[in-house]
Amino acid sequence: MSAEQSPTTASDTRSLMHKQVDRRRALQILFGGLAAGTQAVSACNPLGTKSDEERETSVLAWREYIKGNYRFMTEEERAETIARLERIAKLKRNVDVQIQSTGAQPGVEFGYAFNISKCKGFRSCVEACINENNLDRKAGTQYIRIFEMKNGVVDLDEADATFQHDVPADGHFYMGTQCFQCADPPCVKVCPVGATWAEPDGIVVVDYDWCIGCRYCMAACPYWARRFNWAEPEVPADELNPNQHYLGNRARRAGAVEKCTFCIHRTRQGRLPACAEACPTGARVFGNLLDPNSEIRWVLANKKVFRLKEDLKTEPRFWYFTD
Amino acid sequence: MHLIPFARSALHSATSGGRRYHVWMGILTLIMIAGGYAYSLQLRYGLAVTGMNDHVSWGLYISNFTFLVGLAAAAMMLVLPAYVLKDVDFTRAVLMAEAVAVAALVMCLSFVVVDIGSPLNAWHLIPGIGFLNWPRSLLAWDVLVLNGYLALNLAIPFYILYSRYCGRQPNKAKYIPWMYLAVMWAVSIHLVTAFLLAGLPARPFWNTALLGPRFLASAFTAGPAFVILLLSLIKRTTHYEISDGAFSKLALITTVAAQVNIVMLISELFYKFYSPTQHGINARYLFFGIDEHHALVPWIWAAIAVNVVATVAMMIHPIRRHPRWLMVASAALFVAIWIEKGIGLVVPGFIPSPLGEIVEYTPSLVEIAVTVGVWALGMFVLTILVRIALPIELGEVRSPYIGGGPAAPIIRPRVSRSVPSLRDDRPARTR
């Protein structure tokens, strides 16, 4: 792509002169020009020690810094930022990643059901999630929590999510939590900059680059579904999942909040989330709530289901049921 | 226009003083540098250098923030009687209280900046080039009301001081309406900050209608208590006359607010513990601990004990009227409320987590250093503001352009003088 080679092109400048451009675009072109100018100056400087790649990296970083909120970007702007991000991944880590911007599919609203009778606490889902979503290995970030509960006590206060022993343990059952993609998400309401929102298919997403890291959403979530990057996340290059989504498992940065997205990069292409695919017991049912023939609809119609903390009226899209 | 000489004499007032003054500012500067270094570590390695984690995602910074919003609102308690109720006793104290408000707001905003993970992205909050999620997000409200309150508290004292500097009486018609606005605004900064926490059903510890009123009561205890300390200090070290009446009224405000605060604490405790429900679990952690987790228990009981003792002491007339004991009681109330409304309010909201997991919180050294640094910054700002305001209020500093052409040189030459510098050592006629 030519745009990534020379960040401010002649056509950009022309568009500033002749076309109607909005304020953000004008800002970007001007700042981009500034960065290109700096580049030109340092190119003239025989003592300049920066390599071409370093220079390109800093220009890309600057243009990434001044970009807008993904939610309000045009298709063109989205393509540009994705090209930059892919290039940054190449320059910084020498990895080839593909970042999608696949939107919500019409007639789709995702839902999840969790079979308490079947889950045996193996935590294969947790592992699959870590690998699939490029979760920070150093901090040990996990989106999914599996709670081990004593039979007869459905109380999270009495449950243990840090169990380290052979499972299934006698006299216990297991209950998994993750982001429930609430229909009325309290986390979205509180974000001061609109960096998190619910997509039309129900997935609550975060624009990691727009997030300012105030962590108000973490305080607002009744299900403890959000995670913060307290430091620069680390994922070994050979374990990196290159199949990424802008709103999903792409590289995060320190100081931004992230969360489960029902594997947005998979599910929007008709695949199952990694956790549902990895579950060896078949405890996880995922599907389209708007499709009357889907398994999730069958579960909701034929099983006695319940949701966690229904009294809070956040309308989670995540149900529990038993055989 | 006298703006340039004003700025010059303000700079002069802020930078000249006796040895004690310079030692004080020097110590504050050193602390700020240490805090700045700690913050640079946080910028380089991320918030991982703090004691916060995914379970306790707000800690010392936001605790100090909530407390200081209250301190900032305290200015109102002085403005109200001085200008609205036409109580002349107070007018001299008001400028100092507004300096406290500005310093507290500087600290508030600094604590927010050091708390956010991506401070460079702060421009995302600016409507137009960014996106401010107003009116849905209470944090967006807080950004607006805090900055508005800061602007008001800078503009009003500036107008008053500048008028005096130019040798004019400040025009009441021009600033009194803004004073009224500031009074209402002070309530709003506090209520909005309380609503920011109270609006979260995910955190039953904060999700109570009493939180807003409790915030106000504790603010009107700690705020005037701090102003009492400041005015006592000013009275001791300068010849700025503050009437005993002002002190006794401030002490009365503090006492009444402290009593109301304790009544509300009792209501809260009754509500949480008479019929303990799931929603009282965080309060149980705070006051009694859960299993082997009880990091906050000694803090909260110490705070309550000091709070009650100081409040009772303030209710005894001879103690409240005795300047030294009044200072002791005020300092005690200030510290007790700092614990109760800082760490004691924010941290237990996260413990246990909404899923019942218990992860305790201990602030890291870096976090403590940054916090102390921000406090030093606040005290630095406060000292400078008081230094600028006092000589103008005392009539020591006036524009050289008033009274027909440049009069006697107002900016005194920098000569080493004995402390404290504000003691008037000039001939009586220039006073």
Side-chain angles (χ1 to χ4, degrees), chain A residues 23-24 27 65-66 68-69 71-72 138-139 141-142 145 147 155-162 177 186-195 208-232 253-257 308-309 311-314, chain B residues 42-50 52-58 62 112 115-126 128-134 136-144 196-197 199-204 206-207 278 281 290 346 349-350 352-359:
Chain A
R23 185 166 20 179
R24 187 193 311 287
L27 205 72
Y65 174 65
I66 58 164
N69 183 333
R71 196 179 175 188
F72 304 117
K138 196 179 174 203
T141 304
Q142 297 176 2
R145 300 254 337 134
F147 287 89
D155 183 356
L156 284 169
D157 288 345
E158 305 292 318
D160 176 20
T162 56
T177 66
C187 51
V188 165
K189 187 161 71 181
V190 300
C191 179
V193 291
Y208 312 120
D209 296 334
W210 193 253
C211 172
I212 59 170
C214 70
R215 308 190 294 290
Y216 195 11
C217 55
M218 297 179 79
C221 174
Y223 302 106
W224 196 63
R226 287 174 170 257
R227 303 291 180 268
F228 187 67
N229 289 286
W230 299 94
E232 202 66 40
R253 50 180 186 81
V257 165
L308 265 190
K309 304 191 188 188
D311 51 323
L312 297 182
K313 295 287 172 212
T314 64
Chain B
Q42 186 184 304
L43 281 181
R44 195 181 318 156
Y45 301 110
L47 283 160
V49 299
T50 69
M52 291 183 277
N53 51 62
D54 281 337
H55 281 95
V56 187
S57 49
W58 282 342
I62 296 296
V112 173
D115 184 70
I116 63 176
S118 313
L120 284 178
N121 278 359
W123 65 270
H124 294 173
L125 285 162
I126 303 169
I129 58 168
F131 177 84
L132 188 68
N133 187 15
W134 185 88
R136 293 192 81 204
S137 168
L138 260 297
L139 204 52
W141 280 85
D142 224 9
V143 169
L144 293 179
L196 191 149
L197 299 172
L200 304 178
R203 308 281 171 183
W206 302 327
N207 191 215
Q278 179 63 27
I281 186 109
I290 298 175
V346 173
F350 294 97
S353 83
L355 297 183
E357 293 180 81
I358 298 179
V359 174

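All values derive from a computational prediction rather than experimental measurement. All heavy atoms count here, side chains included; hydrogens, waters and symmetry mates do not.
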**Prompt:** Can you check whether B/Pro201 reaches A/Lys313 side chain to side chain, under 4.5 Å on heavy atoms?
**Reply:**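 The answer is no; the side chains never approach within 4.5 Å.
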
**Request:** Might you confirm whether atom NZ of A/Lys309 has over 12 heavy atoms from other residues, nucleotides or ligands at distances under 6.0 Å?
**Result:**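 Correct, the count exceeds 12.
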
**Message:** I'd like to know if the side chain of A/Tyr216 and the backbone of B/Leu138 have a donor-acceptor N/O pair within less than 3.5 Å.
**Reply:**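 Absent.
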
**Request:** Determine yes or no for a side-chain-to-main-chain donor-acceptor pair under 3.5 angstrom, with B/Ser118 supplying the side chain and A/Gly255 the backbone.
**Result:**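 Side chain of B/Ser118 to backbone of A/Gly255, a donor-acceptor pair under 3.5 Å: yes, one is there.
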
With chain A, which of [options] has the greatest number of heavy-atom pairs at distances under 4.5 Å?
| options | value |
| --- | --- |
| B/Ile281, B/Leu120, B/Asp142 | B/Leu120 |
| B/Ser57, B/Gly46, B/Pro204 | B/Ser57 |
| B/Ile290, B/Leu197, B/Ile358, B/Asn53 | B/Asn53 |
| B/Val49, B/Asp115, B/Leu132 | B/Asp115 |
| B/Val112, B/Leu196, B/Val143, B/Thr50 | B/Leu196 |

**Asked** Most heavy-atom pairs under 4.5 angstrom with chain B, which of A/Glu232, A/Glu158, A/Arg226, A/Arg227?
**Response**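 Option with the top pair count is A/Arg227.
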
**Item:** Max heavy-atom pair count under 4.5 Å with chain B, selected residue of A/Ala231, A/Cys191, A/Ala256, A/Ala195
**Value:**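 Of A/Ala231, A/Cys191, A/Ala256, A/Ala195, A/Cys191 has the most heavy-atom pairs under 4.5 Å with chain B.
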
To check you understand the geometry: which heavy-atom pair defines the closest contact between [X] and [Y], and what is its length?
| X | Y | result |
| --- | --- | --- |
| A/Asp209 | B/His124 | O-CE1, 3.4 Å |
| B/Leu125 | A/Pro192 | CD2-CB, 3.9 Å |
| A/Phe228 | B/Gly117 | CZ-CA, 3.8 Å |
| A/Met218 | B/Arg203 | O-NH2, 3.0 Å |
| B/Ala202 | A/Ala220 | CB-O, 3.2 Å |
| B/Leu355 | A/Tyr223 | CD1-O, 3.4 Å |

**Atom pair SG/CG of A/Cys187 and B/Leu200 - distance to nearest 0.5 Å** =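 Here the rounded value is 11.0 Å.
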
Where on [X] is there a heavy atom nearer than 4.5 Å to chain B: the side chain, the backbone, both, or neither?
| X | result |
| --- | --- |
| A/Ile212 | both |
| A/Cys214 | both |
| A/Thr141 | neither |
| A/Phe147 | side chain |
| A/Ala254 | backbone |

**Prompt:** In terms of side-chain heavy atoms, does B/Asp54 have a donor or acceptor partner in A/Trp230 at a distance below 3.5 Å?
**Reply:**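 B/Asp54 vs A/Trp230: donor-acceptor pair found between side chains.
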
**Message:** Under 4.5 Å from any heavy atom of chain A, what part of B/Tyr45 do you find: side chain, backbone, both or neither?
**Reply:**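 Just the backbone, heavy atoms under 4.5 Å.
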
**Request:** Hey, can you tell me if A/Trp210 and B/Trp123 have their rings parallel, tilted or perpendicular (30° and 60° cut-offs)?
**Result:**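 Ring orientation, 0 to 90° scale: perpendicular.
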
